[in-house]
S.K.: 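Dropping a structure here in C-alpha cells format, bear with me for questions.
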Amino acid sequence: MKNYKIAVLPGDGTGPEVVVEGKKVLEAATKTFGFKLEFETFDFGGDRYLKTGEVLPDTAVDDLKKFDAIFLGAIGHPDVKPGILEKGILLRLRFELDQYINLRPVKLYPGVETPLKDKGPEHIDYVVVRENSGGLYTGTGGISMKNTPHEVAVQSMVYNRFQVERCLRYAFEYTKKRNKNNTLALCGKTNVLTYVYDLWERAFHEIGAKDYPAIKREYYHVDATCMWMVKNPEWFDVIVTGNMFGDIITDLGAITQGGMGIAAGGNINPEGVSMFEPIGGSAPKYTGKNIINPLAAISCGSMMLDHLGETEAALAIEKSIMNVTANKIKSLAAGRMGYSTSEVGDMVAKGI
Ligand code: IPM
Ligand code: MN
C-alpha cells in the first residue's frame, strides 16, 4: 500500500481549525481509496515566534525536504508586525524549496454565490499558473537616505530566462493535461514593462510554437485580464503570469468563486516538495469559534492528492465538496454556513 509522508503546518489563527478538517477528509479518502498518509506536525507560526524569537529554525527546510508534501493552514498573527512571518516562513519556504509554481484554480462550485452578475459554474472554471520564485518578490533593491526628504526606494522586477521558461513549460503542460479548451493566456504588461514582459512574450511564443503547437496562445495585459475575469470569465482556460500580477489577479479570481472560504492553492516544485495552502489568511477574529469555513483547506487536500498521483481520491473529495456547496451549506461566510467548521468537515468526509 502506498504511504505518503505529509508535513502539517497548521500555523496561525484559524489555520489549525481548518487543518483538522482537511486531515479528517484526507483520512476518509485513504480508507476508501487504499493508501496511507503519515502526518507529522510542525509548530511554525506567530505563537512560536512570540515565544522563542525564532521565525523558522535553520533545520526546517532540510527537515521538510524529507516529506512527500506539505499541508499548510495559515500564516499571519495580529501581534506580529506584517512581513516578518510572511517573509520568514511562507516566502522562505517557497523560495528555498524552489516551489516555482503557484497553482490557483478559479472554479465556481454549484450553489456558491458569485458577485459576477449572470455567471454560474459553467462560466467560472479556469486555472492561474502564477510564477512563484522571482519577479518583484525576490526583494532585489533597497532604500537609501531613509527618513530624509530625498530617500530613494527601489524594488526591481527581476526575471531570468530560466525562471520564465520553466514556468511557461509547466503552464503549457498543465493546459495540455487539463485538456479543456487547450488555450493558454499569457497575462503581462508588454506596453509598459517592455523588458520583463517582452522576455515573457518572446519565450511564450517560442516554446508554444515549437513544442506545443496544439495549444492556442492568447495574450492579455494585466489590467485587461482583470476586466475580462469579471466580464467574460468563460474565456479563460489557463492563465500564466509573473509573481506580482499572479498574486493580484488570483485574489480577484478567488472572490469570483465565492471568496477566501473556498479558494485553494498549491506551491509546486514539480521536481521536489510541494506545499498546499488555502489562499485566505489566518482570520484572527474568527479564531477558536468553530465557525470558519474549512472548504478551502479541504480543497487543498484534494489538490495535494492529485499532485501525489491519487487522482481518483482527489476527484472524490472535490465531488463531495460540490455536494456540500450545492445541497447543504447556506453560505461560505464564516458564521453563516448554517453548520460549524467541524460539521462541514464531517459532511465532506462522509460524502467520500
Ligand atoms: C498569497 C499571499 C502571499 C503572497 C503573502 C502573504 C506573502 O498574499 O499567497 O497570495 O503575496 O504571495
Ligand atoms: Mn496574495
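All heavy atoms count here, side chains included; hydrogens, waters and symmetry mates do not. Just follow the structure's listing: the first ligand is 1, and inside any ligand the first atom is 1. Sequence positions, counted from 1, serve as the residue numbers for this chain.
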S.K.: Less than 4.0 Å between a side-chain N and a carboxylate O, is that true for D98 and K65?
M.R.: no
S.K.: Of all N/O/S atoms in D247, which lies nearest to the Mn ion (ligand 2)?
M.R.: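 Nearest N/O/S atom of D247: OD1.
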S.K.: May I ask you to decide whether E21 forms a salt bridge with K24, counting only side-chain N to carboxylate O separations under 4.0 Å?
M.R.: yes
S.K.: So, are K119 and E234 salt-bridged, with charged N and O less than 4.0 Å apart?
M.R.: yes
S.K.: Would you call D237 and K180 a salt bridge, taking side-chain N to carboxylate O under 4.0 Å as the test?
M.R.: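 So D237 does not pair with K180 through a salt bridge.
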S.K.: Closer than 4.0 angstrom: is that true for some heavy atom of M244 and an atom of ligand 1?
M.R.: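 Under 4.0 Å: no for M244.
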S.K.: Nearest to atom 5 (C) of ligand 1, what protein heavy atom do you find, and at what distance?
M.R.: L90 CD2, 4.4 Å
S.K.: Does the Lys NZ or Arg CZ of K5 fall within the cation-pi geometry relative to F67 - under 6.0 Å from the ring centre and within 45° of the axis?
M.R.: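 Yes - K5 lies over the ring of F67, closer than 6.0 Å to its centre and within 45° of its axis.
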S.K.: Suppose we measure from atom 8 (O) of ligand 1 to each protein heavy atom; which comes out shortest, and what is that distance?
M.R.: D247 OD1, 3.3 Å
S.K.: What do you reckon, does R130 have a nitrogen or oxygen under 3.5 Å from a nitrogen or oxygen of ligand 1?
M.R.: yes
S.K.: Measuring from the heavy atoms of R94, does anything fall under 4.0 Å of ligand 1?
M.R.: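 Checking ligand 1 against R94, which is what was asked, there is a heavy-atom contact under 4.0 Å.
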S.K.: Closest non-hydrogen protein atom to atom 11 (O) of ligand 1, residue and atom name please, with distance?
M.R.: Y137 OH, 2.6 Å
S.K.: Taking distance alone, with no angle check, do E86 and ligand 1 share an N/O pair under 3.5 Å?
M.R.: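 Checking ligand 1 against E86, no N or O pair falls under 3.5 Å apart.
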S.K.: Looking at R161 and E206, is any side-chain nitrogen of the basic one under 4.0 Å from a carboxylate oxygen of the acidic one?
M.R.: yes
S.K.: Which heavy atom of the protein is the closest neighbour of atom 1 (C) of ligand 1, given with residue, atom name and distance?
M.R.: R104 NH2, 3.3 Å
S.K.: Mind running side-chain hydrogen bond (donor to acceptor under 3.5 Å, both in side chains) on D247 and Y137 for me, showing each step along the way?
M.R.: CA-CA 10 Å; D247 177 48; Y137 275 67; 3.1 Å; yes
